[in-house]
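These numbers come from a predicted model, not from an experiment. Positions are given from 1, in the same order as the sequence printed here.
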Amino acid sequence: HPEYKVVVLDKLDYCASINNFADSVGQSHFKFVKGDICSPDLVAYLLSSEKIDTIMHFAAQTHVDNSFGNSFEFTQNNIYGTHVLLESAKVVGTVKRFIHVSTDEVYGETSVGLDKGNEEHHTLEPTNPYSATKAGAEMLVKAYSTSYGLPCITTRGNNVYGPQQFPEKLIPKFILLAKKGEPLPVHGDGQNTRSYMYVEDVAKAFLAILHKGEVGEVYNVGTTKERTVKDVANTICKFFNLDPAKAIKHVQDRPFNDLRYFLDSKKLESLGWREETEWEEGIQKTLTWYLENGEHWWDGDITGALIAHPRGGQPPKPNPNISEVMSPKKAAVKLNFDSQANFLIFGKTGWIGNLLADLLKEKGVSYQFAQSRLQNREDVEAELDAVKPTHVLNAAGITGRPNVDWCEFHKQEVIRTNVVGTLTLCDACEARGIHMTNYATGCIFEYDEKHPQGSGKGFTETDEPNFTGSYYSFTKKLVESLVTQYSHVLTLRVRMPITKDLTSGRNFVNKIANYEKVVDIPNSMTILDELLPYSIEMANRRLTGIYNFTNPGVISHNEVLQLYKEHVDPSYTWKNFTLEEQAKILAAPRSNNELDCTKLKEQFPEMMDIKQAFVEHVYKPYVAAGGKPIAPRP
């Protein structure tokens with residue numbers, strides 16, 4: 001169907017492979033977005049920006065063995081993820097068909113000896129954590145269909161097999177183990193019966209439901225041809241010329257293992273669908289594919305999937321062949337901008353503003369620096385009307401030179417820019433429906449009794465700021481509280497920003513490396529080389545609200561300098577002094593805190609912790625580019 005545009009949203013979990021859709025990448029009617037269905041902002045943005053009118057919801061944790069070991073993850077993905085999709089579809093209002101993919105296991109065990117399979121009106125009686133979460137998801141689908149009129153269809157399918165299936169599933173597991181000459185583990189006595197359908201037949205069933213299915217209905221997708229697990233093992237042994245008596249190893253059964261799932265698919269057949277692939281043909285196609293592709297299709301170590309009772313997969317190891325496509329390493333976040341995207345950057349004389357411009361230029365995204373001053377509303381509005389940006393990035397603000405002490409003696413200037421100017425821009429963008437990203441600060445907190453130093457308990461986005469020791473922080477705290485009244489603004493709390501350009505006087509490493517003495521306090525910090533691309537992607541997704549914009553964890557001044565010594569300048573030395581000694585030479589106290597980055601990590605789970613990011617994004621690239629030890633400032 002080349003007339004369809006297909007947008008695939010997938011988080012590339014342990015069982016996924018980018019190879020599954022590599023042939024489609026680059027085609028005009030196909031788009032891939034790496035992301036999680038549990039992210040409401042991302043889902044709503046994609047539905048709106050891509051004008052989605054049909055959702056086919058295949059995403060789920062599906063392996064029953066895993067659900068016995070990590071049931072919470074099944075609840076999160078299968079129930080909450082489905083809820084996010086439903087709510088987003090309801091809010092956006094463009095979806096004309098929502099196909100929810102469930103499982104035959106929601107019916108529970110079918111009695112042995114029954115000739116008629118379960119029909120769609122059969123009571124749901126799930127018996128394991130996986131099927132319970134799928135049944136729960138179905139209840140949400142039914143509720144949204146009834147309460148909001150969402151046009152939903154539910155499918156309940158038998159077991160699927162075929163090429164490209166992750167080998168935690170029975171048939172590919174047996175094939176790969178037989179190929180290695182290892183035993184085939186059969187749970188219990190192997191008499192549990194399942195119905196297996198070849199993947200191409202299942203795909204055709206979904207097309208029939210997509211085009212001919214009736215909204216509000218449930219469709220079983222099944223076959224009447226049943227096989228025991230031991231029958232499957234015998235089939236694989238036959239293909240590999242193995243003696244089943246020696247190749248098959250009976251192992252402990254699952255905590256509970258349904259004896260049989262049997263479906264009646266007459267309703268689906270009334271749409272014109274028929275099963276076409278015979279068992280022997282499907283197995284031959286599947287075996288041929290695994291012998292040719294084997295374990296190399298997936299990027300991680302799959303040996304954990306081949307054991308008798310896997311308990312959850314591990315994230316795949318990084319694949320250098322796809323890192324530039326999927327990974328933010330080296331600031332290579334994949335940007336999914338429309339060709340019409342146009343950024344207006346405020347802060348043309350600032351450090352972060354210029355870094356943003358370099359990033360957008362590198363990615364080929366249209367941008368320009370604002371010429372108006374934030375304090376002049378007429379000029380700001382005129383420029384917005386003339387440029388007509390799709391996104392505004394506000395990196396303008398007064399932080400003080402050489403440090404925030406400057407703000408203590410120039411308070412009116414600080415108010416005009418940090419408070420009045422920011423609010424002017426927010427208000428003008430709101431009136432025009434322009435998304436605005438505001439680069440704010442996390443220096444509005446300090447360790448306290450609820451968030452003590454070294455506890456690992458960071459301040460969240462909903463905690464009330466508690467630090468006003470400097471006038472700079474006071475203005476930032478004030479404006480943040482006011483900006484929350486605007487629905488289109490994304491606020492990113494940056495702290496102690498660092499890049500691989502250690503020669504910049506704005507770089508935190510450059511600053512403390514030139515101090516005669518430093519305090520040794522752990523703090524949250526922002527590695528801009530990794531996180532700034534995230535901010536562009538967040539603007540692309542039109543995320544709003546407040547995010548702590550630092551790498552996870554904390555790092556002390558001494559640890560920063562020790563890593564600098566190890567990777568850049570082995571001869572470097574430094575001295576410490578206490579906070580009390582520091583206070584004697586400062587006009588205003590400094591903020592020290594840990595920020596909780598859970599919310600940001602949910603958007604970008606691959607984000608490095610602060611110490612790893614220092615090495616990989618700062619010190620190693622600096623040395624690799626021929627960087628020399630930091631020269632003392634005059």
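A salt bridge links D529 with K500; the closest basic N to acidic carboxylate O contact falls under 4.0 Å. Between E594 and K457, none of the side-chain N atoms (NZ, or NE/NH1/NH2) sits under 4.0 Å from a carboxylate O, so this pair counts as no salt bridge. We find that E461 and R493 are not joined by a salt bridge, their nearest charged nitrogen and carboxylate oxygen being 4.0 Å or further apart. Using a 4.0 Å cut-off between a side-chain N of Lys or Arg and a carboxylate O of Asp or Glu, K477 and E480 do not qualify as a salt bridge. Under the 4.0 Å criterion applied to side-chain N and carboxylate O atoms, D427 and R377 are assigned as salt-bridge partners.
For the residue pair A44 and V92, the shortest heavy atom distance occurs at O-CG2, 3.8 Å. Of all heavy-atom pairs spanning V84 and I37, the tightest one is CG1-O, 3.0 Å. Here the closest heavy-atom approach between residue F343 and residue A539 is recorded as CE2-CB, 4.3 Å. The two atoms that bring I527 and A613 nearest to each other are CG1-CB, 3.7 Å, heavy atoms only.
In this structure, CG in L425 is found 13.5 Å from CZ in R373, a value given to the nearest 0.5 Å. Separation of atoms CG (L46) and OG (S88) is listed at 9.5 Å; rounding is to 0.5 Å. From I555, atom CD1 reaches atom CD1 of I521 across 14.0 Å, with rounding to the nearest 0.5 Å. To the nearest 0.5 angstrom, D36 atom CG is 8.5 Å from L42 atom CG. Here the straight-line distance linking atom CD of E606 with atom NZ of K11 works out to 12.0 Å at 0.5 Å rounding. With values rounded to the nearest 0.5 angstrom, D501 atom CG is found 8.5 Å from N510 atom CG.
The side-chain heavy atoms of L344 and Q368, taken from C-beta on, include a pair separated by under 4.5 Å. With a 4.5 Å cut-off on side-chain heavy atoms, I434 and T390 do not count as touching. Using a 4.5 Å cut-off on side-chain heavy atoms (C-beta onward), V519 and H557 make contact. A heavy-atom distance below 4.5 Å is found between the side chains of D385 and R432. Taking 4.5 Å as the limit, every side-chain heavy atom of F604 sits out of range of all side-chain heavy atoms of C597.
A side-chain donor-acceptor contact under 3.5 Å links Q603 and S39. Between the side chains of W297 and N20, at least one donor-acceptor pair of N or O atoms lies under 3.5 Å. Side-chain contact check for D520 and S556: at least one donor-acceptor pair (N or O, by modelled atom type) lies under 3.5 Å. Side-chain contact, T437 with H391: no donor N or O sits under 3.5 Å from an acceptor N or O. No side-chain donor from either of Q371 and D379 sits under 3.5 Å from a side-chain acceptor of the other.
Cation-pi contact between K565 and Y572: absent, since separation from the ring centre below 6.0 Å together with deviation from the ring axis within 45° is not met.
The ring of F459 has its center closer than 6.0 angstrom to the ring center of F445. Residues F166 and Y14 bring their aromatic ring centres within 6.0 Å. Ring pair H617/Y622: centre-to-centre distance not below 6.0 Å.
When each of T550, T441, N523, T526 is tested with R495 by the rule side-chain hydrogen bond (donor to acceptor under 3.5 Å, both in side chains), just one qualifies, namely N523.
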- Can you list the steps and then say if K599 with E602 is a salt bridge (Lys or Arg N to Asp or Glu O under 4.0 Å)? CA-CA 5 Å; K599 186 177 178 182; E602 288 175 353; over 6 Å; no
- Message: Using side-chain hydrogen bond (donor to acceptor under 3.5 Å, both in side chains), reason through T82 and H57 one step at a time and then give a plain yes or no.
- Response: CA-CA 8 Å; T82 300; H57 174 29; 2.9 Å; yes
- Message: Working note: N551 + E530, criterion side-chain hydrogen bond (donor to acceptor under 3.5 Å, both in side chains); need CA distance, chi angles, decisive distance, verdict.
- Response: CA-CA 9 Å; N551 290 80; E530 180 175 23; 2.8 Å; yes
- Please step through side-chain hydrogen bond (donor to acceptor under 3.5 Å, both in side chains) for the pair W574 and N558, ending with a clear verdict. CA-CA 9 Å; W574 70 94; N558 278 3; 2.8 Å; yes
- Residue pair Q375, T424: steps toward the side-chain hydrogen bond (donor to acceptor under 3.5 Å, both in side chains) verdict: CA-CA 7 Å; Q375 303 92 317; T424 294; over 6 Å; no
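Listed for the S524 side chain is a donor-acceptor partner under 3.5 Å among the backbone atoms of L595. A donor-acceptor pair under 3.5 Å is absent between the side-chain atoms of H435 and the main chain of L490, judged by distance alone. The backbone N or O of L478 sits less than 3.5 Å from a side-chain atom of S481, completing a donor-acceptor pair. Side-chain N or O atoms of N354 include one that pairs as donor or acceptor with a backbone N or O of G350 at under 3.5 Å. For the pair N466 (side chain) and E446 (backbone), a donor-acceptor distance under 3.5 Å is present. In terms of modelled atom types and a separation under 3.5 Å, the side chain of D609 and the main chain of P552 share no donor-acceptor contact.
A tilted orientation is assigned to the rings of F30 and F21, their planes being inclined by 30° to 60°. Between Y439 and F549, the ring planes lie perpendicular to each other; the angle is over 60°, past the 30° to 60° tilted range. In this structure, Y486 and H488 have perpendicular ring planes: the angle between them is above 60°, well past the 30° mark.
Applying the salt bridge (Lys or Arg N to Asp or Glu O under 4.0 Å) test to pairs two or more places apart or on separate chains, none has a residue in residues 16-30.
With sequence neighbours left out, the side-chain contact (heavy atoms from CB on, under 4.5 Å) criterion links P629 to Y564, D569.
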